[in-house]
Amino acid sequence: MIERLLMTAALPYTRRELPGWGGLLRRAGVLVPADDPRWREPCIRIVKGKDHGLLMRLDLSDWAQRMTFCLGRYYESGVLQVLDRLLRPGDTFVDVGANIGMIALHASARVGSSGAVHCFEPNPECLGLLREHIALNGLRNVRVHPFALSDEPGELELRLTSEHTGTATLAQVACATRTFAVPVRVGDEALAGISPRVVKIDVEGFEVFVLRGLADTLRLAKPFVVTEVEDTLLRRAGTTPNELMALMSSFGYRAFGIRLTRSMLRWHLALPALRTHRQFGGFSDILWVPDGRRVPG
């Protein structure tokens with residue numbers, strides 16, 4: 001396939017993230033819609049992450065994994081830079097919606113052998129790859145919890161809206177391509193005796209339910225929290241950005257948008273304060289900082 005040949009030729013440039021790498025990948029036919037037929041066939045590659053040095057098994061038919069392959073790192077660089085500022089050796093990191101483990105790998109390297117990473121992932125299509133990444137790298141500080149988190153225990157339908165595993169949601173959607181019945185537990189019960197330094201939540205709009213179930217953990221351990229925030233996904237799950245802001249404020253948290261700015265060849269992390277939910281627009285992810293703790297500088 002010509003696109004794969006062009007992508008391979010571009011790798012020395014894209015993995016250094018030189019100016020214009022995005023345009024180069026577009027011209028090579030790499031940055032295309034998730035359902036583009038040119039990338040339909042599975043194509044497995046194993047690459048060492050340039051930031052954490054761990055092996056990543058990537059399927060180039062998946063747009064997110066394809067981007068990770070081209071960059072040599074997980075594509076959500078803003079979240080990774082936040083973790084770089086917050087996580088230290090010996091810390092505990094909680095990954096709710098771990099998918100195949102791209103962020104978990106980064107966190108594992110940051111907390112080291114004396115730390116711990118807890119991955120919560122109910123999607124059976126992701127669990128095998130998540131465990132494979134752990135085995136591939138011989139990681140002993142990562143534990144997989146094969147269930148979802150919410151504010152009530154039970155069983156819910158996990159629905160995927162496309163072939164991409166990152167679209168899995170517990171919200172009611174009419175256009176699901178496939179569904180799975182998955183076990184659900186309350187976060188405070190699942191984390192009993194665990195005091196995390198950072199909690200990351202990416203559950204396609206179900207964030208408010210997860211946070212409600214983590215009320216005691218947030219009040220007692222006061223971890224930093226990173227959540228995805230997208231108005232349409234929150235509303236699809238029956239909540240709103242205003243409800244998310246009000247809930248976290250009731251727990252004693254302040255919101256900061258995660259943004260990257262570029263200067264020459266370097267990306268710089270910016271964390272502007274967000275006073276109301278109306279300022280969420282333009283940010284894909286938010287860092288929640290508990291009262292009494294400083295914003296990482």
Side-chain angles (χ1 to χ4, degrees), residues 1-17 20-52 54-80 95 97-106 119 121-137 144 146 157-171 173 175-180 182 202-205 228 230 233 284-285:
M1 177 188 290
I2 186 64
E3 288 80 15
R4 294 179 184 178
L5 293 174
L6 291 172
M7 177 185 66
T8 301
L11 289 180
Y13 194 92
T14 60
R15 287 187 178 165
R16 294 175 64 190
E17 299 184 50
W21 64 262
L24 180 61
L25 290 182
R26 276 189 289 272
R27 289 191 295 274
V30 175
L31 298 183
V32 293
D35 58 352
D36 191 289
R38 290 174 292 179
W39 295 95
R40 186 170 295 161
E41 294 299 319
C43 179
I44 306 301
R45 295 287 186 271
I46 294 179
V47 60
K48 180 179 289 188
K50 66 184 182 185
D51 294 331
H52 51 60
L54 299 175
L55 296 176
M56 302 181 292
R57 180 191 181 278
L58 303 171
D59 184 350
L60 303 188
S61 67
D62 180 283
W63 69 267
Q65 295 181 52
R66 189 162 65 245
M67 279 291 295
T68 298
F69 176 78
C70 291
L71 295 174
R73 61 159 175 83
Y74 186 54
Y75 71 97
E76 290 189 355
S77 183
V79 173
L80 300 186
D95 191 351
N99 203 271
I100 66 171
M102 291 293 97
I103 288 180
L105 289 180
H106 194 89
C119 296
E121 178 53 60
N123 187 349
E125 295 184 355
C126 295
L127 284 170
L129 288 172
L130 176 56
R131 291 184 172 120
E132 184 173 341
H133 276 123
I134 295 170
L136 188 63
N137 291 285
V144 176
E157 287 290 322
L158 184 72
R159 299 171 173 86
L160 281 83
T161 60
S162 77
E163 293 303 311
H164 176 44
T165 56
T167 63
T169 179
L170 293 174
V173 293
C175 56
T177 59
R178 53 204 186 280
T179 63
F180 304 98
V182 298
D202 184 349
V203 287
E204 298 300 292
E228 183 183 48
E230 188 169 332
L233 298 183
S284 299
D285 300 284

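At most 12 non-hydrogen atoms from other residues, nucleotides or ligands lie less than 6.0 angstrom from NZ of K48. Taking a 6.0 Å sphere around CZ of R16, one finds it holds 12 or fewer heavy atoms contributed by other residues, nucleotides or ligands.
A distance of 8.0 Å separates OG1 of T14 from CH2 of W21, quoted to the nearest 0.5 Å. Distance check, rounded to the nearest 0.5 Å: CZ of R73 to CG of L80 gives 7.0 Å. Rounding to the nearest 0.5 angstrom, the gap separating the CD1 atom in I103 from the NE2 atom in H52 is 10.5 Å. The CZ atom of R57 sits 4.5 Å away from atom CD of E132, with the distance rounded to the nearest 0.5 Å. Within the model, atoms CG of L105 and CG of L130 stand 8.5 Å from one another, a figure rounded to the nearest 0.5 Å. With values rounded to the nearest 0.5 angstrom, S77 atom OG is found 8.5 Å from H106 atom NE2.
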- Message: Is there a side-chain contact (heavy atoms from CB on, under 4.5 Å) between E204 and E230? Walk through the geometry before answering.
- Response: CA-CA 8 Å; E204 298 300 292; E230 188 169 332; over 6 Å; no
- Task: Could you go through the side-chain contact (heavy atoms from CB on, under 4.5 Å) check for L160 and T179 one step at a time?
- Result: CA-CA 6 Å; L160 281 83; T179 63; over 6 Å; no
- Can you check side-chain contact (heavy atoms from CB on, under 4.5 Å) on E121 and L129, steps first, answer last? CA-CA 11 Å; E121 178 53 60; L129 288 172; over 6 Å; no
- Chi angles and distances behind the side-chain contact (heavy atoms from CB on, under 4.5 Å) call for L170, V203: CA-CA 8 Å; L170 293 174; V203 287; over 6 Å; no
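L158 is listed as a side-chain neighbour of N123, based on a closest heavy-atom distance under 4.5 Å. Residues M102 and Q65 form no side-chain contact, since every pair of their non-hydrogen atoms from C-beta on lies 4.5 Å or further apart. Put simply, the side chain of L11 reaches to within 4.5 Å of the side chain of F69, judged on heavy atoms.
Contact between S61 and R40 at its shortest, heavy atoms only, is CB-O, 3.9 Å. L24 and A10 make their closest contact through CD2-CB, 3.6 Å (heavy atoms, listed as atom of the first residue, atom of the second, distance). Of all heavy-atom pairs between N99 and C126, the closest is O-CB, 3.5 Å. Closest approach of Y13 to G20, counting heavy atoms only: CE2-C, 4.3 Å. Considering every non-hydrogen atom in both L55 and H133, the closest pair reads O-CD2, 3.7 Å. Pairing each heavy atom of E76 with each of D202, the nearest pair is OE2-OD2, 4.4 Å.
In summary, E41 and R4 do not engage in a salt bridge, as defined by a charged side-chain N under 4.0 Å from a carboxylate O.
Under the 3.5 Å distance criterion, the side-chain polar atoms of D59 are left unmatched by any main-chain donor or acceptor of P42. Judged by distance alone, with hydrogens and angles left aside, the side-chain atoms of R45 form no donor-acceptor pair with the main-chain N or O of L60 at under 3.5 Å.
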